[in-house]
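One structure is given below, encoded as structure tokens.
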Amino acid sequence: MTKRAPRGRYEATRLSVAALAIAALAAAWVAIAATADPADPAIAASPFGRQALLSAAGTPAVALDAAPPGAGRPERPKTTRTSRGS
Amino acid sequence: MSLRLVIALSLVAGLVLGTIVLAPVAHRLPSADGHGAWYASRAAGLVAYLFLWAALAGGLLMSSAWFDGIINRARLLAIHQSLSLAGLALALGHALVLIPDDWTRFGLLDLFVPFASYYARADAALGTLALYLFAIVTFSFWFRNAIGPVTWRWVHRASFVAYLAALWHGVRIGTDTRALPVTLLYLLTSSLVLGSLALRLTYVRPRRRPAARPPSRAAADPAG
């Protein structure tokens, strides 16, 4: 039978796990941000990267509709938010 | 393991990780090329996977009493719960941080309704389902008395399904899957889960010996 952790005890243990999670998240974020490069072939091979490259090359977003599923979504119309605000 | 040792180890691990990673690349931090949210989501996804794996493996080892005598059971339970909650928070963050991101353009429906994602529908859905399953398993602890130990145990077994779904989601559509450290991470963690599961399934809990009865007065003193 699993014993219940007494209420209010092991707070420092729980906080340590939370601190470890934050540290690990920060470390992973920095590692990814430092090594990632949108022009890198590995990143460009992902749909998001391909979408960015097509946008940069001036390819119309409509062309992406013809791509297989998962190849990226056409850009959202930006007018919705601005018209809501006016 | 004493409380001070746990705190010290956590701090040292955080410092070492931070120093190793931050030192050589700190100058690159300000420019994330506008993909900061996407990078944060990928990082959160990887760390969430790691924490949920640790929670699962810890739970397996705890239920087979392998840590008995090494670490206090109640403390191990506190660690197990905290890992689950932290992993769940990270997994939620992994999804939520994508909403304002202009790079990937996911909406609430894409992220939280299974099979509604515009991108890699089935693989993305497995991530959503894993999140929900892990949430149910994690929070079931606080409803154990209400649902009963048998149901609770079955709910807890669903964490294997959730783990497999999360692993599949990460391997299939994780951008970093092909990076060597991440490939190794997936291989190592899945092997350890299999190993822990094998240990758990083959573990035979030692039978408790009946408490020795004190000798009766007649037996102890036949003359009296």
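All chains are named by letter (A, B, ...) in the order of the sequence lines, taking the proteins before the strands, and each is independently numbered beginning at 1. Hydrogens, waters and symmetry mates are skipped; everything else that's a heavy atom, side chains included, is used.
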| said: So if I apply the ring-ring contact (aromatic ring centres under 6.0 Å, His included) rule between B:H156 and each of B:W154, B:W152, B:F160, which one comes out positive? | reply: B:W152

| field | Expected output: side-chain B:R73 to main-chain B:M62 donor-acceptor under 3.5 Å | value | yes

| message | side chain to side chain donor-acceptor pair (under 3.5 Å) for A:Y10 and B:S82? Distances and angles first, verdict last. | response | CA-CA 10 Å; A:Y10 305 116; B:S82 308; over 6 Å; no

| field | B:F115 CZ: over 12 foreign heavy atoms closer than 6.0 Å | value | yes

| field | Portion of B:L46 that has a non-hydrogen atom of chain A nearer than 4.5 angstrom | value | side chain

| With a 4.5 angstrom heavy-atom cut-off, which part of A:A18 approaches chain B: side chain, backbone, both or neither? | neither

| request: Pick one of side chain, backbone, both or neither for B:A86, based on which atoms fall under 4.5 Å of a heavy atom in chain A. | output: side chain

